[in-house]
A.B. asks: 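Dropping a structure here in structure tokens format, bear with me for questions.
Only this structure's heavy atoms are used, side chains among them; waters, hydrogens and symmetry mates stay out. A, B, ... follow the sequence lines: proteins, then strands. Residue 1 opens every chain. Model, not experiment: these values are computed from the prediction.
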Amino acid sequence: RKEVEQDPGPFNVPEGATVAFNCTYSNSASQSFFWYRQDCRKEPKLLMSVYSSGNEDGRFTAQLNRASQYISLLIRDSKLSDSATYLCVVKTGGSQGNLIFGKGTKLSVKP
Amino acid sequence: NAGVTQTPKFRVLKTGQSMTLLCAQDMNHEYMYWYRQDPGMGLRLIHYSVGEGTTAKGEVPDGYNVSRLKKQNFLLGLESAAPSQTSVYFCASNNPGRSQETQYFGPGTRLLVL
């Protein structure tokens, strides 16, 4: 089983749609969780950290289920500018633990 | 602040040639990383450094060497390039500690080995 698994997509949605991405991780000792966004031919950038209680940042909501080792990202009212690849990222270990990246889910928002 | 910068942006090498990729950060970060990104593979860690003068192997270190002689710079070397090293290389940096886990990435170096 791969360490971090994501549906590669692509997800093609109209503007204004709500879209959800899922991610599973294999290491139950994982401590920190993130969603990164990567635009075409650009570097990854942090979108948001994922906390146990769930967290929201504007139109974006992230959820973590430690028992099921599952992370989700919900995007409401999709904008054209949301088109990108969304990377699920997990950190295992202490302060020197390294990040494990999923392969990413591609989102394309159409007018 | 320039953040994390990488040079060169793009390079074409012939098999067997050598080159060095330079990463520089001006955020006074302790940790620095080199990743490669291939289609369908996601980002994979090559080497990393937790401080000046230290380096450690990541997931895919073979064929690469690194050096961290100055805190702000992290060099990635390919001694004898192979076509399998054709990839996009990203450098990243951050500080240790739970509140500072975000890794900041450079713009990438696209390498083609013929």
Side-chain angles (χ1 to χ4, degrees), chain A residues 1-10 21 23-27 29-53 55 57 60 62 64 71 84-106, chain B residues 2-7 9-10 21 23-25 27 29-51 54-61 87-112:
Chain A
R1 181 181 174 188
K2 293 186 174 63
E3 293 196 63
V4 179
E5 292 200 63
Q6 297 181 248
D7 182 339
F21 303 139
C23 169
T24 57
Y25 61 95
S26 61
N27 190 334
S30 299
Q31 297 183 348
S32 304
F33 309 89
F34 311 90
W35 284 101
Y36 275 70
R37 170 192 169 130
Q38 186 173 23
D39 293 297
C40 187
R41 301 179 73 84
K42 298 287 189 181
E43 71 273 23
K45 292 183 179 178
L46 180 69
L47 177 67
M48 58 198 301
S49 300
V50 186
Y51 302 118
S52 296
S53 55
N55 47 300
D57 183 2
F60 299 84
L64 167 65
I71 307 160
T85 296
Y86 291 83
L87 308 177
C88 178
V89 184
V90 172
K91 181 179 178 183
T92 302
S95 61
Q96 294 192 15
N98 292 320
L99 298 184
I100 308 298
F101 287 78
K103 295 179 182 179
T105 298
K106 187 172 182 179
Chain B
V4 181
T5 58
Q6 293 182 231
T7 53
K9 287 184 170 51
F10 179 70
L21 284 68
C23 175
Q25 52 92 7
M27 297 175 281
H29 284 163
E30 290 292 332
Y31 291 9
M32 296 187 74
Y33 311 81
W34 276 107
Y35 293 91
R36 60 178 288 174
Q37 186 174 36
D38 303 294
M41 295 294 293
L43 280 102
R44 292 181 293 169
L45 184 64
I46 304 171
H47 286 280
Y48 64 99
S49 168
V50 299
T54 73
T55 62
K57 294 180 180 179
E59 180 187 354
V60 288
S87 189
V88 181
Y89 292 86
F90 287 104
C91 176
S93 70
N94 71 337
N95 274 330
R98 193 162 177 82
S99 64
Q100 302 185 71
E101 289 179 314
T102 304
Q103 288 190 11
Y104 296 87
F105 284 81
T109 294
R110 296 182 180 278
L111 176 64
L112 175 62

A.B. asks: Over all heavy atoms of both residues, which pair between A:Lys103 and B:Met41 is shortest? Give the atoms and the distance, please.
C.D. replies: CG-C, 4.0 Å
A.B. asks: Do A:Leu99 and B:Tyr33 come close enough that some side-chain heavy atom pair is under 4.5 Å?
C.D. replies: no
A.B. asks: What option among A:Pro44, A:Pro8, A:Gly102, A:Gly104 has the most heavy-atom pairs under 4.5 Å with chain B?
C.D. replies: A:Pro44
A.B. asks: With a 4.5 angstrom heavy-atom cut-off, which part of B:Tyr104 approaches chain A: side chain, backbone, both or neither?
C.D. replies: neither
A.B. asks: Check each atom of A:Gln6 against the heavy atoms of chain B and say whether the ones under 4.5 Å are side chain, backbone, both or neither.
C.D. replies: neither
A.B. asks: Which answer fits A:Ile100, side chain, backbone, both or neither, if we ask what part of it has an atom under 4.5 Å from a heavy atom of chain B?
C.D. replies: neither
A.B. asks: So which heavy atom on B:Phe90 is nearest to which on A:Glu43, and how close?
C.D. replies: CE2-CA, 3.5 Å
A.B. asks: Looking at CD of B:Gln103 and CG of A:Asn98, how far apart are the two atoms once the value is rounded to the nearest 0.5 Å?
C.D. replies: 7.5 Å
A.B. asks: Heavy-atom distances under 4.5 Å only: say whether B:Leu45 touches chain A with side chain, backbone, both or neither.
C.D. replies: side chain
A.B. asks: What part of B:Arg44 gets closer than 4.5 Å to chain A, counting heavy atoms only: side chain, backbone, both or neither?
C.D. replies: neither
A.B. asks: Distance from B:Glu59 atom CD to A:Glu3 atom CD, nearest 0.5 Å?
C.D. replies: 7.0 Å
A.B. asks: What distance do A:Tyr36 atom OH and B:Phe105 atom CZ have between them, rounded to the nearest 0.5 Å?
C.D. replies: 5.5 Å
